[in-house]
Engineer: 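The structure's right below; bear with me while I get my questions together.
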Amino acid sequence: MSFAREGAAVCVVDRDIQGARRTCELIADAGGRASAILADVSLEHDVLRMMDEGEHAYGRITCYFNNAGIGTTETNSRKKLLAEIALADWQRMLDVNLTGVFLCLKAQLARLGTQGGAIVNTASIGGLTALQGAAAYVASKHGVIGLTRSAAIEYAHAGIRVNAVCPGHIVTPLIGEVPASDTRVTRVPMGRCGTPEEIADLVTWLCSSQASFVTGATFTADGGRLAGG
Ligand SMILES: NC(=O)c1ccc[n+]([C@@H]2O[C@H](COP(=O)([O-])OP(=O)(O)OC[C@H]3O[C@@H](n4cnc5c(N)ncnc54)[C@H](O)[C@@H]3O)[C@@H](O)[C@H]2O)c1
C-alpha cells in the first residue's frame with residue numbers, strides 16, 4: 001500500500017496467490033495499480049518467471065522489496081536449541097530466507113544492469129543479534145545482511161542501492177497477536193509491537209530519491225528494542 005500511495009505500480013509476489021490477490025484488491029480499492037504473481041522464491045525458475053511476468057505487466061522495474069520469509073514455527077525449529085534442530089528444518093529455513101534473497105538479488109541485479117535502481121531486503125533484529133531458541137532463523141537473517149552489504153558494494157558503481165530493514169516484533173500472521181505481558185512487548189522501550197505499515201513506510205523511503213546516498217545500510221525498526229543491548 002505504501003508504494004502504491006506514492007504512485008508506483010506494484011507486483012505482489014507470493015507463494016500464496018490468494019493472499020497476493022487480496023493485497024492487490026486493497027491497492028486497487030485505494031486507487032493504485034497492482035498485479036499478483038505466484039512464485040516460490042526458493043526456486044530459481046520461479047524467480048526468473050516472476051521477473052518476466054513483472055516486466056511483462058509494467059515494463060522495466062526499478063525498485064524491489066525482497067520480503068518473503070518464514071519463521072521458526074513453519075520450520076519446526078521454534079524454541080529449539082541449536083543441537084535439536086533437524087537438518088531438513090535448518091535447510092528449509094535457509095532455502096526460503098537466505099537462498100530466496102540470493103536468487104532474487106541475482107535476478108534483479110542482472111535486470112537492473114547499469115541503469116540504477118533500489119533493492120530492499122527484509123532481515124530482522126535477529127540479523128543483528130542472537131535470539132534464544134531461533135538459531136536457524138537468526139543465521140538466515142545474519143546471512144541476509146551479509147548479502148545486502150556484498151551487493152551494495154559490488155553494484156554501487158551501477159547506481160544500484162541495496163539496503164536491509166531489521167524489524168523488531170511486528171503484528172503479522174507470522175507472529176500473530178502478542179499479549180502486553182509477553183517479553184516481546186515488555187522488552188521494547190516503546191512498549192508495543194510494530195505495524196506492517198511502519199515497516200512499509202521505511203522501505204518506501206529507502207527506495208525513494210530521498211535516500212539517494214544510502215546503500216549497504218541496515219535499519220532497525222524495533223521500538224528501541226536493540227538500543228538497550
Ligand atoms: N513479523 C515480525 O515480527 C517480523 C520481524 C522481523 C522480520 N520479519 C520478516 O518480515 C518478512 C515478512 O514477514 P511477515 O511477518 O509479514 O510474515 P507473513 O507470514 O505475514 O508474510 C510472509 C509472506 O511470505 C510468503 N512466503 C513465505 N515463503 C515464501 C516463498 N518461499 N516464496 C514466496 N513467498 C513466500 C508467505 O506466503 C507470506 O505471505 C519475513 O522475511 C520475516 O522474516 C518479520
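All heavy atoms count here, side chains included; hydrogens, waters and symmetry mates do not. These numbers were taken from a predicted model, which means no experiment stands behind them. Counting starts at 1 for both ligands and their atoms, following the listed order.
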Engineer: Would you kindly say whether T75 and Y137 are connected by a side-chain donor-acceptor distance under 3.5 Å?
Structural biologist: no
Engineer: Report the relative orientation of the aromatic rings in F3 and F65; use parallel for angles under 30°, tilted for 30 to 60°, perpendicular for over 60°.
Structural biologist: tilted
Engineer: Can a salt bridge be assigned to the pair R21 and E25 using a cut-off of 4.0 Å between side-chain N and carboxylate O?
Structural biologist: no
Engineer: Do NZ/NE/NH1/NH2 and the carboxylate oxygens of E197 and R5 come within less than 4.0 Å?
Structural biologist: no
Engineer: Can you pull the side chain to side chain donor-acceptor pair (under 3.5 Å) pairs that have at least one residue in residues 104-116, sequence neighbours excluded?
Structural biologist: D52-R111, E55-R111, N66-Q108
Engineer: Counting only heavy atoms and a distance below 4.0 Å, can you name the residues contacting ligand 1?
Structural biologist: D14, R15, A39, D40, V41, N67, A68, G69, I70, V96, T122, A123, S124, Y137, K141, P167, G168, H169, I170, T172, P173, L174, I175
Engineer: Hey, is CD on E177 packed in by over 12 heavy atoms from elsewhere, all under 6.0 Å?
Structural biologist: no
